[in-house]
Undergrad: 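Please find one structure pasted underneath; my questions will follow.
Counting starts at 1 for both ligands and their atoms, in listed order.
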Amino acid sequence: MKRRPLLAGNWKMHTTVIEACHLAAEIGKCSADLDDRDVLLAPPFTVISEVAHVLRESRVLIASQNVCWEEQGAFTGEISPTMVKSAGGTAAIIGHSERRQIFHEDNGMINKRVHGALHFGLLPILCIGETLEEREAGKTFSVLEEQVREGLGGVSSDDMRKTVVAYEPVWAIGTGKTASKEQAQEAHAFVRKLLAEMYEKDIAESVRILYGGSVNPDNVDELMAQADIDGALVGGAALKAESFCRIINFT
Ligand code: 13P
């Protein structure tokens, strides 16, 4: 099955309003002719609506970097799916390793966020990935399995068709140390096989699995050439228009 590539830039906690608007405008320009792939930006909450405005005539999709399961209420510091949508977003990154490691979000909370996104019509991008310690202890696949099974607990087949999974080995994030194409492909194939056990085979075949962790202009082509790698979730290299434009124009 041919899956439509998805190239996503996660801006993390970077960009003021002005910087965000400039960067978004550049990416709007260099993505204008790309009609065989999806390009997505996940700016900080504070600039989602500005970025959406700058890109209103482009095909670029906008995501939040996290999302709450409730529509509104006393949840200081959170953002609701309806707020994301009203600001121009259509997707949400959920369970990023920085949320897991620094802010102690667990699979249970991440699962609630996935359901919240789906319930209110946002496309969830569920992030999973092992730490270096887990990899060295031979626990990579058991960690991934737990994150997938618990993160997607109770998600229906129909909803799974709309869900994206991002494999981001924690040891490769922001370290300049990319997983080799073989390591990445192996993990992606494992996740797809697991999805085939949890859902129908055609759903597993249609779900896009992104790779994240030190993706850059020099390694994107070989990563994207792997059978089960359907896109990239890019951090550092998404903050410079030149490098992100090269990444989204992968060949
Ligand atoms: P880097 O591309 O900076 O390694 O970050 C990856 C990431 O965490 C994207 O969500």
Undergrad: Could you tell me whether Ile173 approaches ligand 1 through its side chain, its backbone, both or neither, with non-hydrogen atoms closer than 4.0 Å?
TA: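 Both backbone and side chain.
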Undergrad: Compute the minimum heavy-atom distance from Gly174 to ligand 1 and say whether it is under 4.0 Å.
TA: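 Per 4.0 Å heavy-atom rule, Gly174 contacts ligand 1.
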Undergrad: At what distance is the nearest protein heavy atom to atom 5 (O) of ligand 1, and which residue and atom is it?
TA: Lys12 NZ, 3.2 Å
Undergrad: If you measure only the distance, is there a donor-acceptor pair under 3.5 Å linking the side chains of Glu78 and Asn66?
TA: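 Not at all, the side chains of Glu78 and Asn66 share no donor-acceptor pair under 3.5 Å.
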Undergrad: Could you tell me which atoms of ligand 1, counted from 1 in the order shown, lie closer than 4.0 angstrom to a heavy atom of Gly236?
TA: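 Per the distance check, 1 (P), 2 (O), 3 (O).
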Undergrad: Any N/O of Gly235 closer than 3.5 Å to an N/O of ligand 1?
TA: yes
Undergrad: Which atoms of ligand 1 sit under 4.0 Å from any heavy atom of Gly213?
TA: 4 (O), 6 (C)
Undergrad: Do Arg161's NZ or CZ and the ring of Tyr199 fall within the cation-pi criteria of under 6.0 Å and 45°?
TA: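 Pair Arg161/Tyr199 does not count as cation-pi.
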Undergrad: Which residue and atom name correspond to the protein heavy atom nearest atom 9 (C) of ligand 1, and how close is it?
TA: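 Looking at atom 9 (C) of ligand 1, the protein heavy atom closest to it is Glu168 OE2, 2.9 Å.
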Undergrad: Any idea which atoms of ligand 1 are less than 4.0 Å away from a heavy-atom of Ala172?
TA: 4 (O)
Undergrad: More than 12 heavy atoms of other residues, nucleotides or ligands under 6.0 Å from CD of Glu242: yes or no?
TA: no
Undergrad: Which residue is it: Lys112, Arg113, His96? I am looking for the one with a side chain to side chain donor-acceptor pair (under 3.5 Å) to Glu105.
TA: Arg113
Undergrad: Assess, by modelled atom type and distance only, whether the side chains of Glu70 and Ser80 contain a donor and an acceptor separated by less than 3.5 Å.
TA: no
Undergrad: Run the numbers for me: atoms of ligand 1, each under 4.0 Å from some heavy atom of Ser214, listed by number.
TA: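 In order of numbering, the contacting atoms are 1 (P), 2 (O), 4 (O).
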Undergrad: Does a donor on one side chain and an acceptor on the other come within less than 3.5 Å for Ser142 and Glu145?
TA: no
Undergrad: Against heavy atoms of Asn10, which atoms of ligand 1 measure under 4.0 Å?
TA: 9 (C), 10 (O)
Undergrad: So if I apply the side chain to side chain donor-acceptor pair (under 3.5 Å) rule between Thr131 and each of Glu134, Arg135, Glu133, which one comes out positive?
TA: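 Testing Thr131 for a side chain to side chain donor-acceptor pair (under 3.5 Å) against Glu134, Arg135, Glu133 leaves exactly one candidate, Glu134.
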